[in-house]
Number of protein chains: 2
Amino acid sequence: MGWFTMVQLFTGIDDEGMKQLAGCMRMRVSRYKAGERIAELSGKIEKLGLFIEGRGHLELLDEDGVCTRVEEYREGDVFGELFFLPREDSYCSVEADEDCRVMFLDWGHIVRPCPQSCVYHARLISNLFQLAAEKSRQLSAYTDLLTKRSLRQKLLTYFETLRREYGSDTFLLPMSLSSLAEYLCVDRSAMMRELKSMRDDGLLVSQKRQITLLRRK
Amino acid sequence: MGWFTMVQLFTGIDDEGMKQLAGCMRMRVSRYKAGERIAELSGKIEKLGLFIEGRGHLELLDEDGVCTRVEEYREGDVFGELFFLPREDSYCSVEADEDCRVMFLDWGHIVRPCPQSCVYHARLISNLFQLAAEKSRQLSAYTDLLTKRSLRQKLLTYFETLRREYGSDTFLLPMSLSSLAEYLCVDRSAMMRELKSMRDDGLLVSQKRQITLLRRK
DNA sequence: ATTTTGCTGTTGCAAATCCCACATATTTAT
DNA sequence: ATAAATATGTGGGATTTGCAACAGCAAAAT
């Protein structure tokens, strides 16, 4: 089987299907050097890209000229207006952090009814819906975090998702403590203090990025 | 033209198209009394509903048995796993707040390639993608708010979106000040204090729900 | 007409959080 | 191997925010 079997966008599609889709969707692969611009996102759904090799990110230039990295991409990740629809008045682009190979699919051909009305086409659409739904879920989970009123609640909520994900009370944070503070939108020193306080209260054991939740309930 | 022309889900679809789709999608309309359960959402995309009449909401029962209203629906609004995909371990349902009429579309028939590969079908799918993208954008805008570190920044960010929306420096808040505080996840009295401080600093004029932004930049 | 309920506006005080500064690992680059 | 950059851990002190309480007002219910 080809490389694409590992890509969520193409789950359920075999070699035969890929061959058929490649023509039907006008798939094309482009190469980019680190630092190059891969695509610009508009206010309408019209592009769909897939990172085949290398890493990149989506950045947003706000009206004050401030540039922020909004999403990070690596092999297998998709981007496009379906997943991030910029406001009309902002400039938004996907940039290569390393040398990349990126596949583009023509949006018009995705939505347009396939002359052969092939099952592969339907599967691709289904996969896209799945990806869109998961993206929403992810965003919801994040807002759920942010709406928590106290630092402790934020940490616990986040740790809880990690516990579920790893299926274990002990896990390693997938990022540095500094980054975690940023992610939770709190001050790092305040977070360290709160972590200590949670250790003191017997809620968890922690050392560097290793956390063990106690008091399962 | 029919009532459905005003519904985002059916934009671009005429009477003829609706007739064709109705059979093709196995559309069916059900009635519910206030308080009744309209649907349960699972962890897989398999349902799509549309409020034709009446209001309702989506609620989530978390593992501790705490119930929260997550989304509110009125005429023309859609719901389903595409828009809110619950975690496997949670119970999630749509409930009627008033007497309702709700249309259901069969998800299998939406994704399955249409034997006639009709353009209406393609348009519906396209509309669904559009709705999914807008849902994501909305969530992103909200997280953007919540990631702001200070109360003042939260207020300004929110007011800025209202200014854009209304196209005017003066506007009426679409909710009570109390609800706004909840929405921004801050204490109401703290918010009132901050509003006063912003008035003192000449950033805006405000009285009750009426806001006028000064210092446009 | 009266009561009840909810929204607005304000205050003192307590608690949580942020900012800054420093010391020590640990990792990365040269 | 050495230097530089980044990550971790801690603390003091200023600031922001949350909490609780109250009063005036307006809308809605009785």
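Reckoned from all heavy atoms, side chains included, excluding hydrogens, waters and symmetry mates. Letters go in sequence order (proteins before strands), and every chain restarts at 1.
With C:dT8, C:dT10, D:dT8 as the candidates, the nucleotide lying closest to the side chain of A:L177 is D:dT8. Distance from the side chain of A:V186 is smallest for C:dC18 among the nucleotides D:dT10, C:dC18, C:dT11. Counting only heavy atoms from C-beta on, A:M192 has its side chain closest to D:dG9 among C:dC18, D:dG9, C:dT8. Closest contact between the side chain of A:S176 and the listed nucleotides D:dT17, D:dT8, C:dT17 involves D:dT8.
Contact annotation for A:R209: backbone-only contact, meaning every heavy-atom pair under 4.0 Å involves sugar-phosphate atoms and none involves a base.
Comparing B:R199 and A:C185 against DNA chain C, the residue whose closest nucleotide sits nearer the 5' end is B:R199. Mapping A:E194 and B:S179 onto DNA chain C by nearest heavy atom places B:S179 at the nucleotide closer to the 5' end. Residue-to-nucleotide proximity on DNA chain D shows that, of A:K208 and A:R149, the 5′-proximal contact is made by A:K208.
Proximity of the aromatic rings of A:Y73 and A:F79 is defined here by a centroid distance below 6.0 angstrom, and this criterion is met.
As a whole-Å value, the separation of B:L195 CG from C:dT10 P is 10 Å. Regarding A:M191, its CE atom lies at a distance of 16 Å from the C1' atom of D:dG11, rounded to whole Å. Summarising the geometry, the separation between CG on A:L172 and P on D:dT8 is reported as 10 Å, rounded to the nearest angstrom. As rounded to whole Å, 9 Å separates atom P of D:dT16 from atom CZ of B:R152.
In this structure, B:R163 pairs ionically with B:D169, as a charged nitrogen and a carboxylate oxygen lie closer than 4.0 Å. At a threshold of 4.0 Å, the pair A:D106-A:K47 does not count as salt-bridged, since none of the basic side-chain nitrogens sits closer than that to a carboxylate oxygen.
An OP1 or OP2 oxygen of C:dG9 is reached within less than 4.0 angstrom by no side-chain nitrogen or oxygen of B:R193.
Residue-to-nucleotide contacts include no donor-acceptor pair under 3.5 Å from the side chain of B:R188 to the base of D:dG18. Side-chain N/O atoms of A:S189 and base N/O atoms of C:dC18 include no donor-acceptor pair closer than 3.5 Å.
Results of the side-chain hydrogen bond (donor to acceptor under 3.5 Å, both in side chains) test with B:D97 over B:R69, B:R74, B:R55 single out B:R69 as the only residue that passes.
Between A:L213 and A:T170, every side-chain heavy-atom pair lies at or beyond the 4.5 Å cut-off.
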